[in-house]
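Following: one structure in structure tokens, then a few remarks.
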Amino acid sequence: MTPQIVTLTVNSRTHQVALGAHITLLRALRDLGYTDVKNGCEKGDCGACAVLLDGKAVNSCLVLAWQADGAQINTNAGLGTQENPHPLQVAFADHGAVQCGYCTSGAIIAAHALLEANPAPTETEIRQALSGNLCRCTGYGQITEAVQAAAAVMQKVKGG
Amino acid sequence: MLPDYDSLAPATWAEALAALAAQPDVVPIAGGTNVVVGMRAGELRGRTLMDINRLPELHGIRVSDGHVVIGGGTTVAELLASPAITEHAYPLHQAAAAFANPLVRNRATIGGNLVDASPAADTYPPLLVLDAEVELVSLHGVRWLPLDQFVLGVNQTERRPEELLRSVRWPLAPERSAGLHHKLALRKGTACSVMSAAVRVDTDQLGRCTAARIALGAVAPRPIRAHEAEQSLVGESLTEVTIRRAAQLAGQACRPIDDVRSSAAYRRRVAEVVVRRLLTAVDLELKEGAQA
Ligand SMILES: Cc1cc2nc3c(=O)[nH]c(=O)nc-3n(C[C@H](O)[C@H](O)[C@H](O)COP(=O)(O)OP(=O)(O)OC[C@H]3O[C@@H](n4cnc5c(N)ncnc54)[C@H](O)[C@@H]3O)c2cc1C
Ligand code: FES
Ligand code: FES
């Protein structure tokens, strides 16, 4: 096995790293310091590792890092800043949708992808969109409310 | 720790086929939702992974020459979003909607689902009732196989190691035809099928069945068609009696196993019930269509 140079642009910062072919995008991101991307199951079941890969929400544990060579990756931490958080991040905090926080980054990524495609989702649509994101703390009610609240805020901002 | 692998990312179709022909241990990787999981479990045969996502030959959904043709690299999310699939392959649309979850659907491809050939692979039953064929391509040539002949057993297909599954096609349905799919699982999201079924019925002007297709997943070592059940409907109108008999025959076609998700007895019983309900719903749809 020869490590190969992989170029990953994460939250607008470009990195070049030498990686073995078996290294997943999840591992590569965490090793680069993007530890907001969580490792829950490493087999696609939990969604804790979700990121946007060229705009699409995917489980980074199911992507080999070299398959993402040249791609744009966004993680939850890249969606906002401490001073200027994303409406989803605010709503998750305000609605008690973050308890231990392990699922939060992935859930926000899945919710972000939903709101891009469907700015005013119903509760059922939210639950379906987040059906790949397991949460062992909240029971999902608060997460659903948070996504609805964020959608309302984002609609208002858009509407002026 | 994952063992060591090599990677290939061919830029062209010709390069990809040449790599497969030259090295028998090259494993194509599309969405990786089976391959990466298999790799972690130490179950992957082959030491060189070849990414095929960037090959344009594997992409696109089009309707031409009386057929729907889709690239083997089409993701389940793309199927779900395609108006052509909703219109011309409604059972496949339904299967895409019930497939895994949105995160997995953005990666998982139809080619990967068919080549992995799990008995529970959810795209098989709808594609079987649509009379789908798969196109296999290698440096040595191109061949088309009916899907029913392509799949052999648990994770086994007719695909040769040097072949790529380039596309899947099926004929447009005739008039007065309707089809539906249902997936039964233990949860609504991210759940492997306990049993899944798809049916399709073509009828003549008098409402008599001219052809029927009934396909079942997760009830045998491979996705199956219930041929006797299909035959029992031909020439008949769909009635409570003919539907019940076909459903019973479909249940008898199952060769299920007991596993963590269900007992064999439950699978056989529920296959009958689901087929009965699907045929009843198809009958209703055909009658509504006739009135419209
Ligand atoms: C959390 C989770 C949930 C899932 N839920 C479901 C579900 O609900 N229903 C279901 O049916 N499956 C499910 N699966 C299984 C899997 O997602 C599907 O089988 C998927 O369609 C595989 O596609 P892929 O592109 O990811 O395949 P890969 O993993 O990339 O490849 C699978 C196999 O196909 C071969 N291959 C891929 N493309 C080609 C091609 N074009 N030509 C030749 N060979 C090829 C590969 O070499 C490999 O052997 C799930 C998996 C996970 C991890
Ligand atoms: S860590 Fe990727 S889905 Fe669980
Ligand atoms: S907040 Fe703990 S897993 Fe969701």
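Order of the sequence lines fixes the chain letters, A, B, ..., with proteins taken first and strands second; residue numbering starts at 1 for each chain. Quick note: numbers below take in every heavy atom, side chains included, and nothing from hydrogens, waters or symmetry partners.
- Annotation for R54(B) and A68(A): closest pair NH2-C, 4.2 Å, computed over non-hydrogen atoms.
- Of all residues spanning residues 24-31 of chain B, those with a heavy atom less than 4.5 Å away from chain A's heavy atoms are I29(B), A30(B), G31(B), arranged by number.
- Between Q67(A) and D51(B) there is a side-chain heavy-atom pair separated by less than 4.5 Å.
- Expressed to the nearest 0.5 Å, how far CD1 of I23(A) lies from OG of S7(B) amounts to 12.0 Å.
- In this structure, N106(B) CG and L52(A) CG are separated by 9.5 Å, a value rounded to the nearest 0.5 Å.
- Closest heavy-atom contact between A21(A) and Y5(B): CB-O, 3.3 Å.
- Side chains of L64(A) and M39(B) form a contact here, defined as non-hydrogen atoms less than 4.5 Å apart.
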**OP:** Please lay out, stage by stage, how N133(A) and L103(B) fare under the test side-chain contact (heavy atoms from CB on, under 4.5 Å).
**Re:** CA-CA 9 Å; N133(A) 299 84; L103(B) 300 168; 3.8 Å; yes
**OP:** Take T75(B) and K56(A) through the side-chain contact (heavy atoms from CB on, under 4.5 Å) test and state the conclusion after the steps.
**Re:** CA-CA 12 Å; T75(B) 63; K56(A) 293 202 169 102; over 6 Å; no
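- In terms of heavy atoms, N101(B) sits closest to S131(A) at CB-OG, 3.6 Å.
- Listed in order of number, the residues of residues 180-192 of chain B that approach chain A to under 4.5 Å between heavy atoms are G189(B), T190(B).
- Residue L114(A): no heavy atom, backbone or side chain, is found under 4.5 Å from chain B.
- Using a 4.5 Å cut-off between heavy atoms, Q128(A) contacts chain B through its backbone alone, with no side-chain atom that close.
- Of all the listed residues (I109(A), V58(A), L134(A)), the one sharing the greatest number of non-hydrogen pairs under 4.5 Å with chain B is V58(A).
- Residues R40(B) and E42(A) approach most closely at CD-O, 3.1 Å, considering heavy atoms.
- Counted within 6.0 Å of OH on Y102(A), heavy atoms from surrounding residues, nucleotides or ligands total more than 12; the atom is thus considered enclosed.
- Contact annotation for L44(B): neither backbone nor side-chain heavy atoms come within less than 4.5 Å of a heavy atom of chain A.
- H22(A) contributes atom NE2, which lies 11.5 Å from atom CG of D6(B) (distance to the nearest 0.5 angstrom).
- Counting heavy-atom pairs closer than 4.5 Å to chain A, the top residue among T48(B), T33(B), N34(B), L49(B) is L49(B).
- The environment of R277(B) atom CZ is sparse: at most 12 non-hydrogen atoms of other residues, nucleotides or ligands sit within 6.0 angstrom.
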